[in-house]
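Note on naming: letters A, B, ... go to the chains in the order of the sequence lines (proteins, then strands), and numbering restarts at 1 for each one. Worth knowing before you read on, the calculation uses all heavy atoms, side chains too, and leaves out hydrogens, waters and symmetry mates.
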Amino acid sequence: MYQYIYDGSFAGLLSTIFEIYDRKNWPDSIVKESAKQPCLFGQQVLVTTDEQKANRVWMGIGKKVSVLFQTNLYHTYLSEKPNAEMLIYQFMRLAFANAVNIEDNFAEDCVREIASTARQIFREKHRMEAFIRFQKTADNLYFASIEPDFNVVPLLINHFQKRYADQQWLIYDVKRNYGIYYDLIRVTEVTLDNSNDGKAGALQNAVLQQHETLYQDLWKLYFKSVNIQERKNKKLHLRHMPIRYWKYLTEKQIKPEDIR
Amino acid sequence: MNDKIQGKLKILADAAKYDVSCSSSGGKRKNVNKGIGNAEGMGICHSYTEDGRCFSLLKILLTNYCIFDCAYCVTRRSNDIKRAAFTVEEVVDLTLNFYRRNYIEGLFLSSGIFKDADYTMERLVRIAKKLRLEHNFNGYIHLKTIPGASDELIQEAGLYADRLSVNIELPTEVSLQKLAPEKNYEQILLPMGTISQKLIQSKEEKKLFKLAPNFAPAGQSSQLIVGATAENDQEILQLSDQLYQQFKLKRVYYSGYVPVSTDKRMLVTTQTPVIRENRIYQADWLMRFYGFGVNEIVNDTFPNLDLEIDPKLAWALRNRAFFPVEINTADYEMILRVPGIGVKSAKKIVSARRFASLSFDHLQKIGVVLKRAKFFITCRGKSLEHKDYSDQLIRRIILFGEGSRRNDLVKQQLSLFQ
């Protein structure tokens with residue numbers, strides 16, 4: 001039994017796969033360093049991350065599958081699923097062993113599972129693009145906090161940088177305690193201290209821009225006005241907008257005085 | 001001022017909600033010169049109403065003052081309701097501020113007709129123009145074309161909007177004349193024709209000059225009301241088929257009539273035909289993505305869609321001669337026609353079978369609904385069913401089959417008589 005341990009980065013995972021092929025000791029599990037546990041019977045291998053090795057694996061798999069499926073592999077890594085590393089390894093093993101591109105072979109378990117995991121990640125990213133609600137602060141920063149199911153923050157950069165090119169914004173993942181900040185020129189990764197101050201990421205009224213509450217109220221009013229009461233369909237509503245996302249949705253923050 | 005704008009938003013969003021379209025897809029406008037916004041090719045639904053509809057756009061009327069008196073419409077002249085009107089500035093301000101907070105994908109602007117068609121249309125165009133030119137806004141804009149507006153205004157609208165739409169309102173001209181005496185089909189079809197011509201023209205120009213101006217890059221759509229008049233599904237679907245063929249519309253929307261009107265000209269309806277609307281949408285999808293002809297779905301023998309089962313299953317049951325289909329060898333087009341197999345599963349099947357011959361186990365994992373599909377397919381020459389079922393029996397098994405929730409319902413109802 002072989003267990004490989006890597007530092008948790010994507011490059012680390014790719015280095016692990018290089019190491020596996022180098023040693024020809026096929027793994028039974030691959031775990032992050034933070035999640036490692038003493039192993040009774042097997043042998044543990046601690047892998048040091050090597051950018052060059054990682055790059056070779058990445059280029060190598062690039063010759064075997066399309067760019068699209070390469071992103072699927074990266075998305076699977078971001079899913080933080082317990083078996084994500086093994087899935088990626090199994091897929092790569094299959095891909096390297098075949099002369100033809102096997103990414104469309106949906107009869108194979110690992111191919112299908114990676115495709116569906118990547119699909120889940122994509123969906124979560126897409127949901128975040130929809131459900132992020134910025135609040136404007138007095139110093140003209142648009143701030144939003146989120147708690148996505150998967151670690152999708154790195155995937156959001158491209159979309160938001162393109163869309164809101166003329167405003168400063170900050171998207172913060174409360175669960176994983178890091179965020180991305182755009183300063184009108186570039187996006188940087190940031191970590192806040194005391195980020196747990198605000199209740200569910202809501203900013204204190206004092207730091208909000210003067211008209212912010214007006215637009216929030218207008219949005220809530222709009223949300224109420226477009227509903228067709230005669231066609232009410234709670235089940236469908238919840239399927240599209242699961243309750244776990246409500247915490248950060250402006251239109252779902254109903255104050256007691258709003259209920260009349 | 002705040003109270004005033006809240007009051008207006010309430011009235012004018014409420015009045016606009018019966019327009020079904022809220023899609024923001026199809027446009028690929030880029031954000032240039034560090035302006036605000038871009039249009040995502042696939043569209044983003046930012047929120048969902050409690051009736052389960054997506055809303056991605058700020059959908060409002062510029063005003064609900066209207067000189068027309070259409071029986072099915074809440075804002076008709078003779079209806080006694082509160083009226084309001086936004087100024088151009090107010091709409092621009094709302095759109096930008098909502099957009100910056102990531103509430104919306106853009107603006108859907110329609111209007112009641114005040115003074116005359118051109119006067120109203122000119123206002124709508126002015127808002128779009130202001131957003132694009134003065135505020136460098138590149139989000140999605142959907143403009144409603146006012147029936148009877150001049151060609152020049154429509155042409156100008158197309159330069160700034162991503163999508164234009166003209167509502168056909170009712171499935172036949174006779175009912176339109178009865179319920180909306182001021183409107184006629186010519187008034188509606190004429191701008192539709194103009195727009196589709198311009199779309200083709202702009203596409204041709206784009207081929208020659210890369211920088212030729214865009215014309216409504218997300219195309220045009222239309223909407224008609226279902227259940228307000230006596231037309232059957234055949235008439236409705238044939239009309240939309242014609243619209244797709246002739247005017248190359250991106251979408252036809254169907255709006256199940258919500259009884260908002262007590263007008264004497266209307267049929268007496270008490271409920272919104274939600275299931276019928278759903279079946280019509282399914283049929284619409286079959287025409288657009290599954291390669292079905294309109295006559296295969298509805299024809300003189302079956303002028304109405306079956307409300308209990310979906311139109312694809314209904315077609316399959318009427319045409320048992322085409323089945324069973326062998327999954328490992330059949331054409332993609334034929335696999336697509338099997339009930340229980342959608343576009344995604346069909347594509348997966350076709351690409352996976354190049355690597356291995358597929359079994360029922362594979363199909364299940366790929367996502368095929370075997371409960372439906374099993375009556376219509378074979379895998380490696382074998383079927384999951386050993387008996388030869390009649391159409392009626394298959395229908396009954398799929399509807400009330402073991403373990404479905406409907407089954408419980410039926411049992412419960414039967415026990416009443418015991």
*Among A/Gln216, A/His211, A/Arg231, A/Lys252, single out the residue with the greatest number of heavy-atom pairs under 4.5 Å to chain B.*
A/Arg231
_Heavy-atom pairs under 4.5 Å with chain A: which of B/Met42, B/Lys30, B/Arg353, B/Lys347 has the most?_
B/Met42
*Which one, A/Leu236, A/Ile102, A/Leu238, A/Val111, leads in non-hydrogen pairs under 4.5 Å with chain B?*
A/Leu236
*asked:* So, taking the atom named CG in A/Leu214 and the one named CD in B/Gln6, what distance separates them when rounded to the nearest 0.5 Å?
replied: 6.5 Å
_Rounded to the nearest 0.5 Å, what separates atom CZ in B/Arg53 from atom NE2 in A/His240?_
11.5 Å
*Indicate yes or no for a side-chain donor-acceptor contact from B/Asn31 to the backbone of A/Arg163 under 3.5 Å, with no hydrogens or angles considered.*
yes
*Under 4.5 Å, counting heavy-atom pairs only, tell me which of A/Tyr245, A/Trp169, A/Phe223, A/Phe134 racks up the most with chain B.*
A/Phe134
*asked:* With a 4.5 angstrom heavy-atom cut-off, is it the side chain or the backbone of A/Thr250 that approaches chain B, or both, or neither?
replied: side chain
_Minimal non-hydrogen separation, A/Val226 against B/Asp51, with atom names_ = O-OD2, 4.5 Å
*Between A/Arg239, A/Gln167, A/His159, which residue shows the highest count of heavy-atom pairs closer than 4.5 Å to chain B?*
A/Gln167
*Rounded to the nearest 0.5 Å, how far apart are CZ of A/Phe106 and NE2 of B/His362?*
12.5 Å
_Segment of B/Leu58 engaging chain A (4.5 angstrom heavy-atom cut-off)_ = both
*Starting at CZ of B/Arg101, measure out to CZ of A/Arg133 and round the result to the nearest 0.5 Å.*
12.0 Å
*Return yes if some donor-acceptor pair links the side-chain N/O of A/His237 with the main-chain N/O of B/Gly52 below 3.5 Å, else return no.*
no
*Of the non-hydrogen atoms in A/Ala130 and B/Cys45, which two are nearest, and what is the gap between them?*
CB-O, 3.1 Å
_At a heavy-atom distance under 4.5 Å, which candidate from A/Leu184, A/Ile228, A/Leu221, A/Asn233 has the highest pair count against chain B?_
A/Ile228
*Region of A/Glu108 in contact with chain B, defined by heavy-atom distances below 4.5 Å*: neither
_From OG1 (B/Thr49) to CE (A/Met241), nearest 0.5 Å_ = 9.0 Å
*Under a 4.5 Å cut-off applied to non-hydrogen side-chain atoms, are A/Asp109 and B/Lys365 in contact?*
yes
*Residue B/Ser47 versus chain A: region with a heavy atom under 4.5 Å*: both
*Is the backbone N or O of A/Phe131 less than 3.5 Å from a side-chain atom of B/Asn102, with the two atoms forming a donor-acceptor pair by type?*
no
_Assess the residue pair A/Val100 and B/Arg354 against the criterion (side-chain contact (heavy atoms from CB on, under 4.5 Å)); give the C-alpha distance rounded to whole Å, side-chain angles, the decisive distance to 0.1 Å, and a yes or no._
CA-CA 11 Å; A/Val100 291; B/Arg354 290 190 289 124; over 6 Å; no
*Under a 4.5 Å heavy-atom cut-off, does chain B meet the side chain of A/Arg112, its backbone, both or neither?*
side chain
_Donor-acceptor pair, side chain of A/Tyr164 and main chain of B/Tyr99, under 3.5 angstrom_ = yes
_Whether over 12 other heavy atoms sit under 6.0 Å from B/Lys10 NZ_ = no
*Hey, is NZ on A/Lys175 packed in by over 12 heavy atoms from elsewhere, all under 6.0 Å?*
yes
*Determine yes or no for a side-chain-to-main-chain donor-acceptor pair under 3.5 angstrom, with B/Lys17 supplying the side chain and A/Asn227 the backbone.*
yes
*Can you say whether B/Ile366 sits under 4.5 Å from chain A via the side chain, the backbone, both, or neither, judging by heavy atoms?*
both
*Side-chain contact test, heavy atoms from C-beta onward, threshold under 4.5 Å: evaluate it for B/Ile5 versus A/Leu218 and give yes or no.*
yes
*asked:* Need one label for A/Glu251: side chain, backbone, both or neither, based on atoms under 4.5 Å from any heavy atom in chain B.
replied: side chain
*So which heavy atom on B/Asp93 is nearest to which on A/Tyr215, and how close?*
OD2-OH, 2.7 Å
*Any idea which heavy atoms bring A/Asp166 and B/Lys34 closest together, and the distance?*
CB-O, 3.3 Å
_Contacting moiety of A/Lys232, where chain B heavy atoms sit under 4.5 Å_ = both
*What is the minimum heavy-atom distance between A/Tyr222 and B/Leu57, and which atoms define it?*
OH-O, 3.1 Å
*Atom CG of A/Leu249 and atom OH of B/Tyr103: how far apart are they, to the nearest 0.5 Å?*
10.5 Å
_Tell me whether the rings of B/Phe55 and A/Trp219 are parallel (<30°), tilted (30 to 60°) or perpendicular (>60°)._
tilted
*asked:* Quick one: does any side-chain atom of B/Arg100 pair with a main-chain N or O of A/Tyr142 as donor and acceptor, under 3.5 Å?
replied: no
